[in-house]
Amino acid sequence: MKSKKLVIKDGNIIDPSSRTNCIGDLVIENNLIIDLIPNSNQTYSDEYEIINAKNMIVSPGFIDVHTHLRDPGQEWKETISTGSRSAAKGGFTTITSMPNTIPALDNANIVNDLVNRSKTDAIIRILPIGSITIGQNGVNLSPMNELAEAGVIGFSDDGNPVSDSNIMKQALTYSLYSDLPIINHAEDKKIVGKGLMNEGIVSNRLGLFGADSSAETVMIARDLILAESIGAKLHIPHISSSSSLHLLEIYKNMGLNVTAEVTPHHLTLNENWVYGKKGEVPDYIDEDSYDTNTKVNPPLRTISDANDMTKGLSEGIIDIIATDHAPHSDIEKHCSFADAAHGINVLETAFSSVFDLYLKKSISMDRIIESLTSRPAEIFKLNKIGGLKKGYNADVVVIDPKAKWKVERHKFVSKSSNTPLLETNMNAKILVTIYDGKVIYKDGNYNV
Ligand SMILES: [Zn+2]
């Protein structure tokens, strides 16, 4: 059967890759974008399926370069299948698999297995990231060329930093052959010590061990120095502090080939959220006075840090938004703050979280969409995705900017629901997700 042509009609089409922001029609045939018609009065014959996008935003499908899929090895938290469906609900059509699976993605066989299973289990595109070191133990380099040939789009030991500076130096040197970025989880474990959250008034009031942001900035400083001397491509994940941002700006201004990402939570939440009162500061502390869903690495920082991250993203010093989607089951969060696992479940709330920054006029919609689409595609050299140009893959998302919804535990498509945003009212909703020319998600329903 001949597949129908698809028209997304009268939407506000925002495509930063072609500097487009207009009202118009987007025409899709088979799996490709075939036309973008501004101010269209066109009528379409029966062979077209029409999606009415009046008053909606039409964007390229989102790309997340930092997703923890937990598969293989921790399938009770998430699987390729549930992670990809959760992503589609959040408007993502391309996500990555961070390599801290069990076993880690440190050789071609494991990467091939993931790629093959993704073909049957995932409803969107999944791209692997390979380990920097074998078993992510920071001691011996993984076979980086073999991993590059297997299709990884970058290297990371995320979850763990590469603490040994000489190993990091070697990894950056080897990355020159594949021209793929090295993504080092920037954390000096010695500075963090027993730290469980950002050090400051909140950690003091709660009686929790804190660690200040120097733990991040020191490691970023080392990585910038090494990347500069080697000429390698460094990508800084989940930047969280003003001091790190300052350093990044200095090195970018010097012309270094460095890029950085920030998570929705480091943009929109802060250490006050650890109190478990949605950012309110309580008058007194009792045994219920913290929310383990706020435990994340790097930790939620101060209001001033979060504001600086937003400014840095808006100005392009920070290149992209990446979720660091880190699903954990209830049992890993229903415990003491010290025992709780690090990580927040982000894919389904990411866009609505950052949409609030747009409502506050802290950042433009074009810049938000660029940081979720064309810019990550550029950094990770992903061809024909992240834009709505003719001939590009038809990965598209339709967003209702006026919709309101509430984050509710039972509505999560992800296997986990570990987010401090539970019961929070959100603005803007993903209405339709189109992957490879097919409507895979619409109004809460999946077509695959
Ligand atoms: Zn990390």
Side-chain angles (χ1 to χ4, degrees), residues 64-75 77-80 83 94-118 122 125-189 219-220 222-223 226-227 230 232-238 259 261 297-298 322-327 341-343 376 379-382:
D64 183 28
V65 301
H66 197 137
T67 323
H68 294 281
L69 277 177
R70 312 295 192 209
D71 184 353
Q74 295 181 306
E75 291 87 348
K77 300 177 193 230
E78 197 79 287
T79 63
I80 291 171
T94 301
I95 58 175
T96 46
S97 171
M98 292 306 275
N100 62 338
T101 47
I102 304 170
L105 302 183
D106 63 3
N107 67 66
N109 283 343
I110 298 171
V111 172
N112 291 337
D113 172 66
L114 181 99
V115 170
N116 287 333
R117 288 190 300 121
S118 298
R125 188 179 295 105
I126 295 185
L127 302 172
I129 289 179
S131 299
I132 295 175
T133 63
I134 291 174
Q136 300 200 300
N137 57 20
V139 179
N140 295 306
L141 276 189
S142 64
M144 291 170 66
N145 290 338
E146 175 187 308
L147 287 167
E149 276 165 25
V152 305
I153 62 160
F155 298 97
S156 181
D157 275 359
D158 192 66
N160 293 320
V162 179
S163 295
D164 183 323
S165 300
N166 194 40
I167 293 282
M168 184 63 181
K169 194 173 169 186
Q170 288 176 32
L172 286 162
T173 307
Y174 271 91
S175 75
L176 293 174
Y177 293 98
S178 57
D179 195 27
L180 297 177
I182 299 287
I183 308 156
N184 184 29
H185 171 103
E187 180 187 24
D188 185 319
K189 292 266 191 200
M219 185 67 93
I220 289 177
R222 181 203 72 177
D223 292 348
L226 291 174
I230 294 161
K233 197 164 163 182
L234 177 71
H235 177 72
I236 299 169
H238 46 54
T259 51
E261 68 187 39
N297 195 1
T323 69
D324 195 8
H325 177 75
H342 287 106
I379 294 169
F380 288 84
K381 295 193 294 188
L382 310 177

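Quantities reported herein were computed from a predicted structural model and do not represent experimental measurements.
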Evaluate Asn107 against Ile110 for side-chain contact (heavy atoms from CB on, under 4.5 Å), listing each step before the verdict. CA-CA 6 Å; Asn107 67 66; Ile110 298 171; 3.4 Å; yes
Which donor-acceptor pairs under 3.5 Å do the side chains of residues 140-150 make with protein atoms, sequence neighbours left out?
residue	atom	partner	partner atom	Å
Ser142	OG	Ser131	O	2.6
Ser142	OG	Ile132	O	3.1
Glu146	OE2	Ala108	N	2.8

Expected output: side-chain [X] to main-chain [Y] donor-acceptor under 3.5 Å:
X      : Y      : value
Asn112 : Val115 : no
Asn184 : Val162 : yes
Asn160 : Gln136 : yes
Asp64  : Thr323 : yes
Thr96  : Thr67  : yes

Gap separating the [atom1] atom of [X] from the [atom2] atom of [Y], nearest 0.5 angstrom:
X      : Y      : atom1 : atom2 : answer
Leu234 : Asp223 : CG    : CG    : 5.5 Å
Glu75  : Ile102 : CD    : CD1   : 9.0 Å
Lys189 : Met219 : NZ    : CE    : 9.0 Å
Asp158 : Ile129 : CG    : CD1   : 8.5 Å
Arg70  : Ile80  : CZ    : CD1   : 14.0 Å
Leu172 : Ser165 : CG    : OG    : 10.5 Å

Between [X] and [Y], which heavy-atom pair has the shortest distance, and what is it?
X      : Y      : answer
Glu187 : Asn297 : OE1-ND2, 3.2 Å
Lys77  : Pro327 : CD-O, 3.4 Å
Leu382 : Pro376 : CD1-O, 4.4 Å
Val65  : Ala322 : CG2-CB, 4.0 Å
Ser156 : Met98  : OG-CE, 3.8 Å

Give the intermediate values and the outcome of salt bridge (charged side-chain N to carboxylate O under 4.0 Å, His left out) for residues Arg222 and Asp188. CA-CA 10 Å; Arg222 181 203 72 177; Asp188 185 319; over 6 Å; no
Has Phe380 got more than 12 heavy atoms of other residues, nucleotides or ligands less than 6.0 Å from its CZ?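 Yes.
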Does atom NZ of Lys169 have more than 12 heavy-atom neighbours, drawn from other residues, nucleotides or ligands, at distances under 6.0 Å?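 12 or below, so no.
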Thr133 vs Asp164, side-chain contact (heavy atoms from CB on, under 4.5 Å): CA-CA, chis, key distance, verdict: CA-CA 11 Å; Thr133 63; Asp164 183 323; over 6 Å; no
Does any part of the side chain of [Y], heavy atoms only, come nearer than 4.5 Å to the side chain of [X], both counted from C-beta?
X      : Y      : answer
His325 : Ile95  : no
Pro181 : Ser175 : no
Asp157 : His185 : no

Using the rule given for side-chain contact (heavy atoms from CB on, under 4.5 Å), can you reason through Leu105 versus Val152, listing the C-alpha separation, both sets of side-chain angles and the distance that settles it, and then say yes or no? CA-CA 9 Å; Leu105 302 183; Val152 305; over 6 Å; no
Only counting residues at least two apart or in another chain, list the ones meeting side-chain contact (heavy atoms from CB on, under 4.5 Å) with Asp113.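 Result, side-chain contact (heavy atoms from CB on, under 4.5 Å) vs Asp113: Arg117.
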Where does the angle between the aromatic ring planes of His238 and His66 fall among parallel (under 30°), tilted (30 to 60°) and perpendicular (over 60°)?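 Because their plane-to-plane angle lies in the 30° to 60° range, the rings of His238 and His66 count as tilted.
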Is it the case that the side chains of Gln74 and His68 hold a donor-acceptor pair, with the cut-off being a distance below 3.5 Å and no angle test?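 No pair is found: no donor N or O on one side chain lies under 3.5 Å from an acceptor on the other.
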